[in-house]
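Letters go in sequence order (proteins before strands), and every chain restarts at 1.
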Amino acid sequence: MPIAAKYSPREVEEKWYQYWLENKFFHSKPNEKPSYTIVIPPPNVTGVLHMGHMLNNTIQDVLIRRARLKGFNACWVPGTDHASIATEAKVVAKLKEEGINKAEISREDFLKHAWDWTENYGGQILNQLQKLGASCDWDRVKFTMDQDLYESVINTFIDLHNKGKIYRGYRMVNWDPQAKTTLSDEELVYQEKQGKLYHIQYQIEGTEEHLTIATTRPETLFGDTAICIHPEDERYQHLKGKRAIVPVVNRSIPIIEDEYVDVEFGTGCLKVTPAHDENDKMLGDKHQLEVIDIFNDDASLNHFGMHYQGKDRFEARKLFAQELEQKGYLVKVENHINKVGTSERTGAVIEPKLSDQWFLNMQDLAKPALDAVLKTEEIKLFPKKFENTYRNWLENVRDWNISRQLWWGHRIPAYYIGEGKNDFVVAKNAEEALELAIQKTGNPTLSHADIHQDEDVLDTWFSSWLWPMSVFDGIRNPENEEFNYYYPTKDLVTGPDILFFWVARMIMAGYEYTGKKPFDNVYLTGIVRDKQRRKMSKSLGNSPDALKLMEEFGADGVRVGLLLSSAAGNDLLFDEALCQQGKAFANKLWNAFRLIQGWEVSENEMQPEHSKIALHWYETKLQSTLVEIEDHFSKYRISDALMATYKLVWDDFCSWLLEIVKPAYQQPIDQQTLKQVLDLLESNLKLLHPFMPFITEEIWHNIAERDPKEALVVSEWPIQKEFDVTFLKDFETTKEVISGVRNIRKEKNIAFKDAIDLKMINNEAFSNQFDGVIQKLCNLNSIEVVQDSVEGAFSFRVQANEYFIPMDGAIDVEAEKEKLQTELVYLQGFLKSVEKKLSNEKFVNNAPEKVVAIEKQKQADALAKIETIEASLKAL
RNA sequence: GGGCGCAUAGCUCAGUUGGUUUAGAGCGUCUGGUUUACACCCAGAAGGUCGGGGGUUCGACUCCCUCUGCGCCCA
């Protein structure tokens, strides 16, 4: 049956993915084999597949498919996370479009909408991963809000609370006034903004004197409760112990002294607003200042803002500055660039705000996580350079604010009984909470109506940090068979941007709950950027449509394209040309198969010598590449592993082996050679399968009819055998000879179809084992060993050997001489550098013997070559 | 402001404890080629004083210092 000259991925990919699914090849159950587990970094339910996912999941698929071939029980657990902030924002926006206001519906109704949304869009990204070829165990799909995972999160909260690690604190948090929720430090984006520095006069109480402060936020003046000066500031000694009057507000506030004040900045007088600035809060605590919160939840001013009540903070700033100016309090205004924290999700400027939040004490949790990576190296980061970043964060770790003022997520299992700070219990459900509440208060008449659950939910990371455990139900049932079998997992593949939010915290949770690491290796991928090094983003519109890419280049082509340029930890500059390269490679492989498949077989034909030795060579080459690939994989150098395979298949298999064994036009091939070539092709397919799963499976089944249990996806990785390095080297020399002939043919315009003769002076005593190969690839009548230079011939040299191609017609003696001269000059330069080393006594005495021997060998080789060239020059 | 990292061919990157390297790969560029597997191809070639300066060493792309330019993380 003739097959198409061009490989067309579309139907092939669809067909084989279905086949793999039908035969449950991706499904894993515990068995006697060693496990190889990867849990997917759960993409969030709002997402669609983008280039980052493509890269990340291609790498995971390569690892898991290779593990499967290597005889592990490979299990890749897919799933998604609920992304409370992002999802809630999307649902709120969608409801708004439908004319529904979140504030006007119940929590229950809102959650119904959120679940609808999740069911409609949440699985989308997983379907797209299938197009990429991801060999996840789809029977194991998990979602962070599934009942079992939900319970795991709640149990963890209760446990950590009982251990005293979770506490309720009144703290300054990053408040997003648009989403009306708290953000973690990690969800902030600092942006430089052009602002102004306002210099404002405060009257000193009981005098006609003034002091001047400088502030970027005049509107917070309504919350001022002190002025602070540096105790040693010469300029302000007279202010000590006095009080100042807040302009317009007319409140009297103390002037305090603290070394915290930077005398160089602004005027050296600092206004202190403990409710609205982290540093001011610290000063406030130290000096027992009053705390005046002047903002509503949406960052408009409350009644403390007097006549600005209800006005937004930015509008109030503008208007208040005008009022201060009119009333003569504003001394001057300077331009000032400051870094402002904004919300990663909504873009709103963050308002520091004091509020009641839940915190997790990180001190004890951090210790084992730090040791595991840096001391015992139980967990390895690839590339290693991220260890410093990791250390830096963990050594300066701060308590984790785990509450979010949202509805979509795991609701905090705290139930309040009264108004007091400690009037609450933490329990699994309302029933248990009531019991505990009765115990705690000693009041048996309490009913459900008397307790109410915290309105807030937990940070999404508080569920994903359990992911490697909770997907196997390891939190609720730590002794279950699956958890024991699959955990610890093997590799985690993710981006360095979530090293802290997620990776470090998973490690903490792992040690806290199992005493074991959650994974052995963490592979941190680069960020996919465009050719101009810009991050791919929706707003820039520079991200290609992943699905369209796969349509254009095939999933295999895109996978190869992404991997080719993704050295571990380096950002990947994405260029469609790379996918084109991947596609071309698929086509090359396809055509190699077409060639082999098209051969007529002759049962009588004997195997030619050149085929026999070439096959032996390729077997050896494959073995040496196997070692190389293994080494690359052990260091997570996936792109190098791919490149080694790429060159093996394209250069060694297609360009060398197939050209050698290829029968003459319309001639049949002998059975033995065909069989061996097919075997080797099959080995190639195994090596390629992790990178290009679809086309390899397609060719695999075209080679022979096979049962599902013989499918490539579940076959076996080639066995590593001993191999002869010298033999490989000899072939490399042979290639040089062939190149030499080809060069002469090209330079002298000798058509390939014209057979020529080759004569050689065999100074190096090369074996003639590859003569048949040279003869075939160069179209030679004969190869003859001679003692002296051949006159009237073109010549070239390989090492100290000299080769001649006798040709009728004039030889350009001058050109030959010039060529030889160039070679000679280079060799003499080389020789000189070697001899310089060897004549240096210190080198000879100090360098290891082996190194000296190498230099001596270089010297001898160079001398032999020079001799050859000089002889040739003389002969001319 | 504190910390970390990077700088090698036009581009993207290798170069593993200093010594088989007057430096490698892929892509791109250039030259030639339809020899029926593949022009998504074949055969070749050119291209780098390893960011600048200094030092250690018999020997430095590799180690140290410094300058310059980029990047990242934290505050």
Practice item. Output all residues satisfying ring pair (Phe, Tyr, Trp, His ring centres under 6.0 Å) with A:Y646, sequence neighbours left out; order by chain, then residue number. Key: A:F585, A:W650

**Study point:** Any pair counted as salt bridge (Lys or Arg N to Asp or Glu O under 4.0 Å), so long as it reaches residues 642-652 of chain A, sequence neighbours left out
**Key:** A:D652-A:K735

Point to revise | Residue list, ring pair (Phe, Tyr, Trp, His ring centres under 6.0 Å) with A:F694, at least two apart or on another chain | key: A:W20

Review point. CG of A:L777 versus P of B:rG44: gap in Å, rounded?
Key: 10 Å

Review point. To the nearest angstrom, how far is A:E747 atom CD from B:rA43 atom C1'?
Key: 13 Å

Taking distance alone, no hydrogens or angles, what donor-acceptor pairs closer than 3.5 Å link side-chain atoms of residues 674-684 of chain A to residues at least two apart or in another chain?
{"unit_1": "A:K675", "atom_1": "NZ", "unit_2": "A:D679", "atom_2": "OD2", "d": "3.2"}
{"unit_1": "A:Q676", "atom_1": "OE1", "unit_2": "A:Q607", "atom_2": "NE2", "d": "3.0"}
{"unit_1": "A:Q676", "atom_1": "OE1", "unit_2": "A:Q672", "atom_2": "NE2", "d": "3.1"}
{"unit_1": "A:E682", "atom_1": "OE2", "unit_2": "A:R706", "atom_2": "NH2", "d": "2.6"}
{"unit_1": "A:S683", "atom_1": "OG", "unit_2": "A:D679", "atom_2": "O", "d": "3.4"}
{"unit_1": "A:N684", "atom_1": "OD1", "unit_2": "A:Y618", "atom_2": "OH", "d": "2.7"}
{"unit_1": "A:N684", "atom_1": "ND2", "unit_2": "A:Y618", "atom_2": "OH", "d": "3.3"}

Study note, to complete from the structure: Of A:G829 and A:Y7, the one whose nearest nucleotide on RNA chain B sits closer to the 5' end is A:G829

Practice item. Select one nucleotide: of B:rG15, B:rG44, B:rC58, the one nearest the side-chain heavy atoms of A:R742. Key: B:rG44

Revision key, fill the gap. The dot-bracket string of RNA chain B, counting Watson-Crick and G-U wobble pairs with both distances under 3.5 Å, using [ ] for crossing pairs and | for pairs to another strand, is (((((((..((((.....[....)))).(((((.......))))).....(((((..]....)))))))))))).

Check your understanding: Roughly, in whole Å, what's the span from CZ in A:R391 to P in B:rC74?
Key -> 17 Å

**Study point:** Aromatic A:F691 / basic A:R559 pairing, under 6.0 angstrom, 45° off normal
**Key:** no

Check your understanding: Among B:rA37, B:rC40, B:rU35, which is the nearest nucleotide to the side chain of A:L595?
Key -> B:rA37

Point to revise | Any A:S739 side-chain nitrogen or oxygen under 4.0 Å from OP1 or OP2 of B:rG44 | key: yes

Check your understanding: Closest nucleotide of RNA chain B for A:K583 versus for A:L658: which of these residues is on the 5' side?
Key -> A:L658

Point to revise | All side-chain contact (heavy atoms from CB on, under 4.5 Å) counterparts of A:E552, not counting sequence neighbours | key: A:E576

Exercise for review: Output the single nucleotide from B:rC40, B:rA23, B:rA14 whose closest atom is nearest the side chain of A:D640.
Suggested key: B:rA14

Practice item. Using whole Å, report how far CD of A:E628 lies from C1' of B:rG15. Key: 13 Å

Exercise for review: Measure distances between side-chain N and O atoms of A:E659 and base N and O atoms of B:rA37, and say whether any donor-acceptor pair falls under 3.5 Å.
Suggested key: yes

Point to revise | Separation of B:rC41 P from A:F752 CZ (nearest whole Å) | key: 20 Å

Point to revise | Residue list, ring pair (Phe, Tyr, Trp, His ring centres under 6.0 Å) with A:F796, at least two apart or on another chain | key: A:Y803

What are the atom names and distances for every N/O pair under 3.5 Å that joins the protein to nucleotides 25-27 of chain B?
{"unit_1": "B:rA25", "atom_1": "O2'", "unit_2": "A:K647", "atom_2": "NZ", "d": "3.3"}
{"unit_1": "B:rG26", "atom_1": "O2'", "unit_2": "A:Q581", "atom_2": "NE2", "d": "3.0"}

Check your understanding: Do the charged groups of A:K865 and A:D861 touch, with an N to O distance under 4.0 Å?
Key -> no

Exercise for review: Sticking with atom C1', work out how far B:rC74 lies from B:rG52, rounded to a whole angstrom.
Suggested key: 30 Å

Exercise for review: Please report the C-alpha distance between A:K384 and A:E387 in whole Å, then the side-chain angles of each, then the deciding distance to 0.1 Å, and finally whether the salt bridge (charged side-chain N to carboxylate O under 4.0 Å, His left out) criterion is met.
Suggested key: CA-CA 6 Å; A:K384 214 173 156 63; A:E387 285 180 2; 3.7 Å; yes

Review point. From the list B:rC40, B:rA45, B:rU31, which nucleotide is the closest neighbour of the side chain of A:K746?
Key: B:rU31

Which atom pairs link the protein and nucleotides 4-12 of chain B when you take only N or O atoms and keep those under 3.5 Å?
{"unit_1": "B:rC4", "atom_1": "O3'", "unit_2": "A:N388", "atom_2": "ND2", "d": "3.2"}

Study note, to complete from the structure: By ring pair (Phe, Tyr, Trp, His ring centres under 6.0 Å), A:F770 pairs with (sequence neighbours left out) A:F727, A:F731

Check your understanding: With respect to the phosphate group of B:rC72, does any side-chain polar atom (N or O) of A:W393 fall under 4.0 Å of OP1 or OP2?
Key -> no

Point to revise | RNA chain B-proximal residues of residues 586-594 of chain A, any heavy atom under 4.0 Å | key: A:N587, A:K588, A:N591, A:A592, A:R594

Check your understanding: So what does A:K753 hit on the nucleic acid, given a heavy-atom distance under 4.0 Å: a base, only sugar-phosphate, or nothing?
Key -> nothing

Check your understanding: If you look at every strand shown and take non-hydrogen atoms under 4.0 Å, does A:W650 touch a base, only sugar-phosphate, or nothing?
Key -> sugar-phosphate

Practice item. Classify the angle between the aromatic ring planes of A:F500 and A:W393 as parallel (below 30°), tilted (30 to 60°) or perpendicular (above 60°). Key: parallel

Short N/O separations, protein against nucleotides 18-20 of chain B, under 3.5 angstrom:
none

Check your understanding: Between atom CZ in A:R745 and atom P in B:rG32, what is the gap in whole Å?
Key -> 19 Å

